[in-house]
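Naming: A, B, ... by sequence-line order, numbering from 1 per chain.
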Amino acid sequence: MSARKRQNVSRRLDKGAPHRQTGADLTSDDRNVTHESLERLLSALDENRERAGERYVLLRRKLVAFFDWRGASSPEDCADRTFDIAARRIGEGEVVKNLPAYCVGIARMVLLEAYREQERERSALGAMAAIASLRGADNDERRLQAIDQCLDALPAENRELILAYYGNEGASNISTRKQLAARLGIPLNALRIRACRIRAGLEESVRAMIGNSAGTERKE
Amino acid sequence: MRLSTEKERLRLRQYLLGQLAETDQTHVEDAYFADDESFEDIEAAEAELTDAYVRGQLSEQDKLAFERGLNGSARLRERVAFARQFAAKIDGMEIPADTLPDIKRRTPFAWPTWRPVLVTALVMAGLIVVAGVGWWATRPGSAPAATDAKDVQRPAPPPTIGTPTTTPPPPGTGVAIAFVLAPGLTRSLDQAATLTIPPTATEIRIRLDYEGDAYPTYRAVIRTPEGRDVWSQSELIPARPGAKSVSIAFPAATLPAGDLVLTLSAIGPRNAMEDVADYAFRVVRR
């Protein structure tokens, strides 16, 4: 969990303010979860507030991924709705020993609800997808520059690893990957996970940079 | 619990493509919600799937399934955009072989100095294993085994048809040899290209260019002129959709000296295997 996200979770709890507002202290991830809901969920996750915050962020990431992989059109909203339902039930007295497992059950019901909603909005969803792809084209130049900068900013060891792992036609070059794993003295799967972590960090940095530059342009 | 077998990785891929039955989907989901390592595995699987998509390495069926998901996911579209530009950028970069030793040197490794007895035992065990492997490799009648290259020399891009490219390796290291074969060579073995393989070669890479229609996947078979199979591989995918070349790689010890014929085939419109191109070449070992 990044320091920024940890700070945001703590700041929201300390201020005791509801979340349904924009503001510098809110991340886009948590804008729809109320303060009270967040408190209940964090308590159910861990007694230690810092650890609870980390587990909350990871659980939210899993829920967003679940809804996305299952084809929900608004995975983030569905994740927030799941958390709200779980928090409300905990507030009503339900004892939850395993919050992630509890959230999965709720998420599946939220997913069915989302499917029904998407059936009704199918034509509107098509228009939104077309707009999103146009926006993607505008971002290409910014993304390319961001990739360059973020690659340069990586520690040399990490940069060399992902270039060696993903270069040269990627996954079809399995022999190079095996050789790389042998040279590092780690199993191939460990190399795979290490490379994926570095790549995920790179993607996040690029996304943040594009988002920041887009925000700057909007202000201008 | 880390999912590391090929079968499990395939299962995650099928999950991401929406190809699993409902009960199997549930099992995958229960696993990654319960176990953070499982979630990391599936995130890694998604990155690899995205990479394969932008490189045109998915089968037609998987590509269609992936694009169905793409239509409904802004997050995945963003990942694809990143993957496309990332692949384009790094594919064009030369990665010097001598950077790889730097990664190894910086990998943290510390001897357990607080247990001298354990350290001694580990060293002795290691020496016994090394001696055993050495005996096994040199026992009478053992065939030369291909070993993993300690330091792969990246060959220069092949300049001409049938001409091998290689860089002289430093002593004691292995080397990958790359060739390019073009179609249109006759079955007359007198006109065949010659692949000269040095004793230090540990891997052979061949790029097969061809003409005519493009197919999603290919099968390559290397045979002696008498028809004995030497090597084969299916599910070969061109590097880019519509590209008229595929690459193959195998241990250098695979090819016997002498004349060989490589046949490239694919499943044609009538759902039957059709020959795409033949390549005749001669292997000479120095």
Item to check | Portion of B:Arg68 that has a non-hydrogen atom of chain A nearer than 4.5 angstrom | outcome: neither
Next on the checklist: Taking the side chain as everything from C-beta on, heavy atoms only, tell me whether A:Arg207 gets closer than 4.5 Å to B:Phe82.
Outcome noted: no
Item to check | B:Lys244 NZ: over 12 foreign heavy atoms closer than 6.0 Å | outcome: yes
Checklist entry - In terms of heavy-atom proximity below 4.5 Å to chain B, should A:Arg61 be classed as side chain, backbone, both, or neither? => result both
Checklist entry - Measuring heavy-atom distances to chain A, does B:Phe86 have an atom under 4.5 Å in its side chain, in its backbone, in both, or in neither? => result both
Checklist entry - Between B:Glu43 and A:Cys196, is any pair of side-chain heavy atoms under 4.5 Å apart? => result no
Next on the checklist: With a 4.5 angstrom heavy-atom cut-off, is it the side chain or the backbone of A:Ala107 that approaches chain B, or both, or neither?
Outcome noted: neither
Next on the checklist: With chain B as the partner, which of A:Val64, A:Leu63, A:Asp68 has the greatest number of non-hydrogen pairs under 4.5 Å?
Outcome noted: A:Asp68
Checklist entry - Between the main-chain N or O of B:Tyr32 and the side-chain N or O of A:Lys62, is there a donor-acceptor pair closer than 3.5 Å? => result yes
Item to check | Pairwise side-chain contact, B:Asp41 with A:Ile193, heavy-atom cut-off 4.5 Å (strictly under) | outcome: yes
Checklist entry - Should B:Glu22 and A:Arg70 be marked as a salt bridge (charged side-chain N to carboxylate O under 4.0 Å, His left out) after you check the CA-CA gap, both sets of side-chain angles, and the distance that decides it? => result CA-CA 11 Å; B:Glu22 181 68 34; A:Arg70 286 292 211 124; 3.0 Å; yes
Item to check | Ion pair B:Asp30/A:Arg108, N-O distance below 4.0 Å | outcome: yes
Item to check | Under 4.5 Å from any heavy atom of chain B - which part of A:Leu188 | outcome: neither
Checklist entry - Parallel, tilted or perpendicular for A:Phe66 and B:Phe33, by the 30°/60° rule? => result perpendicular
Next on the checklist: Rounded to the nearest 0.5 Å, what separates atom CZ in B:Arg75 from atom CZ in A:Phe67?
Outcome noted: 13.0 Å
Checklist entry - Does CD belonging to A:Glu94 count more than 12 external heavy atoms closer than 6.0 Å? => result yes
Checklist entry - In Å and rounded to the nearest 0.5 Å, what is the CH2 to CG distance from A:Trp69 to B:Leu76? => result 10.5 Å
Checklist entry - Salt bridge between B:Glu46 and A:Arg199, side-chain N to carboxylate O under 4.0 Å? => result no
Checklist entry - Hey, what do you get for CG (A:Leu144) to CZ (B:Arg84), rounding to the nearest 0.5 Å? => result 13.0 Å
Item to check | Side chain to side chain, B:Arg9 and A:Arg192, heavy atoms closer than 4.5 Å | outcome: yes
Checklist entry - Taking atom CZ of A:Arg81 as the centre, does the number of heavy atoms from other residues, nucleotides or ligands within less than 6.0 Å exceed 12? => result no
